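Data block below; observations after.
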There are 2 protein chains.
Amino acid sequence: MARAKRTTKEKLLDAAEKLFARKGYHGTSLRQITREAGVDLALVNYHFGGKEKLFEAVLDRRGAMLNEERLRRLEEVCRAAAPRPAATEAVVGAFFDPILDFLEHAGPGWHSYFSLLAWVNNSPQWGKRLMGKTFNATVKRFIEALMDSLPKAAPEDIYWGYNFLTGALTLSLAETGRLDVLSAGLCRSADVAALRARLGPFVAAGLRGLAQRGG
Amino acid sequence: MARAKRTTKEKLLDAAEKLFARKGYHGTSLRQITREAGVDLALVNYHFGGKEKLFEAVLDRRGAMLNEERLRRLEEVCRAAAPRPAATEAVVGAFFDPILDFLEHAGPGWHSYFSLLAWVNNSPQWGKRLMGKTFNATVKRFIEALMDSLPKAAPEDIYWGYNFLTGALTLSLAETGRLDVLSAGLCRSADVAALRARLGPFVAAGLRGLAQRGG
DNA sequence: CGGTCTATTGAACGACCGTTGAAGTCTAAG
DNA sequence: CTTAGACTTCAACGGTCGTTCAATAGACCG
């Protein structure tokens, strides 16, 4: 069988995804990207209209698919629990699992994409605008579900809890290798199964702890 | 009273700290830094020996003070609890509180420094080497204290828990403003008191949940 | 005063940056 | 074949980058 050959646009998106994830926006040049993609320098401007447009196109490409899968699973756990609200564990599972599944079973492109997403999410320069544009609608749905699952919690606690939740996820996706060093090899940043087993329980317990704060 | 005038080195460190925190390493030029500092371009190479050396000098400057304060508080809570191990809440408090105190009561330089630290910690390019060089020794002490406070937890759970903990802290320090947008102004990224009230409870409960995972 | 060391200045270097436009190639329709 | 349109190539543009170096200024000491 012959795999359908990648178009120039796809080659550029793949190369840009990989390099932006490693070195960030300003740390990556269009010449590096086009060399990695094996296409001419000028094609970036022809197909995307500039470096910044290419950057946003990289973020957009997989964002829609991630949103769809997350919302699909959220509806699933909400429907399964109805008429009661879904459990906190189930909601955070619907938030994390699509990422972990893509990491484990989809190609290396998703790996770079999530690493890049972690980079953007932590960037004071890009985080607010770009994360919001792609993910705000979906995230609001999840925050509502979290509020329903913890009716005694104040809305402020849920918002801050979501902030902590996404921070824990973000650092894990960045895969800086620091965990490997600190644990002297006992834990590996890239071990998705180990992450899956622990991120959900940690976050669900944390949210519950926040909800019962001082009570 | 006349404040002791800043040396050229300090002017450069202050300006670099501020700009690196906002735009990252590659997003900041030496000309921007020297303009902000009000000194000549060539003085960066004279005093620091290059851009990368300046970057590391910025990280080193406040790192030692943070380590000292963290270890001082860790010993304090361990001594207060002896001969029993310190509680998980107290250990994570000794880890977070120095940062929160510096943020609230020290100058704006600390603010930029922590934002930069968040940026570095999430960077696949810098995180491993630079964070390790400055913080590994201190962090290992805290991880031991966490293990003592949760004797039933597996070491792997503590390492992963520390990863989540520092991720939650990191995203909060980055102050991307995303929390403000999502909550429609109800929460503010820069509200240190609100962060202080919630980060400790969230993380302590999360670690406890990890320790009891499946049990 | 002259001499020495440190700090600062201003100009310049070569390298790389993102972007552009004209010319060339390829494909499909008339 | 001719033509139109999409795609690709190549060379070059003006700018900015980090770094270097000789010249200058200032402080301290004899």
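Labels below follow one simple rule: chain letters A, B, ... track the order of the sequence lines, proteins then strands, and each chain is numbered from 1. Just so it is clear, the model here is predicted, and its values are computed rather than measured.
- Counting to the nearest Å, the C1' atom of C:dG18 and the CZ atom of A:F48 are 16 Å from each other.
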Using the side-chain hydrogen bond (donor to acceptor under 3.5 Å, both in side chains) rule, take A:T170 and B:N122 through it: C-alpha gap first, then chi angles, then the decisive distance, then the call. CA-CA 8 Å; A:T170 289; B:N122 259 288; 6.0 Å; no

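- Within the 4.0 angstrom heavy-atom criterion, only backbone atoms of the sugar-phosphate kind lie near A:T28; the bases stay farther away.
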Salt bridge (Lys or Arg N to Asp or Glu O under 4.0 Å) evaluation trace for A:E69 with A:R73: CA-CA 6 Å; A:E69 185 62 16; A:R73 301 210 191 190; 2.9 Å; yes

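- With 3.5 Å as the limit, one finds a donor-acceptor pair spanning the side chains of B:S172 and A:N163.
- If you take CG of B:N45 and P of D:dT19, they are 5 Å apart, rounded to a whole angstrom.
- Checking the phosphate oxygens (OP1, OP2) of C:dC17, a side-chain nitrogen or oxygen of A:S29 falls inside 4.0 Å.
- Note on A:T7: nothing from the nucleic acid sits closer than 4.0 angstrom, heavy atoms only.
- Applying the side chain to side chain donor-acceptor pair (under 3.5 Å) definition to pairs two or more places apart or across chains, those involving residues 178-190 of chain A are A:R178-B:N136, A:D180-A:S189, A:R188-A:D191.
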Report, one pair per line, the protein and nucleotides 5-15 of chain D atoms (nitrogen or oxygen only) whose separation is under 3.5 Å.
{"residue": "D:dC7", "atom": "OP2", "partner": "A:Y46", "partner atom": "OH", "Å": "3.4"}
{"residue": "D:dT8", "atom": "OP1", "partner": "A:T8", "partner atom": "OG1", "Å": "2.6"}
{"residue": "D:dT8", "atom": "OP2", "partner": "A:H47", "partner atom": "NE2", "Å": "2.7"}

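- Rounded to a whole Å, the NE2 atom of B:H26 is 13 Å from the C1' atom of C:dC16.
- Residue A:L74 comes nearest to A:A145 through the heavy atom pair CD1-CB, 3.9 Å, listed as atom of the first residue, atom of the second, then distance.
- When each of A:E68, A:E75, A:E76 is checked for a side chain to side chain donor-acceptor pair (under 3.5 Å) with A:R72, only A:E76 meets the rule.
- Following rounding to the nearest Å, B:K51 (NZ) and D:dT19 (C1') show an atom-to-atom distance of 12 Å.
- The nearest whole Å value for the distance from the CG atom in B:L12 to the C1' atom in C:dA7 is 12 Å.
- Atom CG in A:L19 sits roughly 12 Å away from atom P in C:dC17 (whole-Å rounding).
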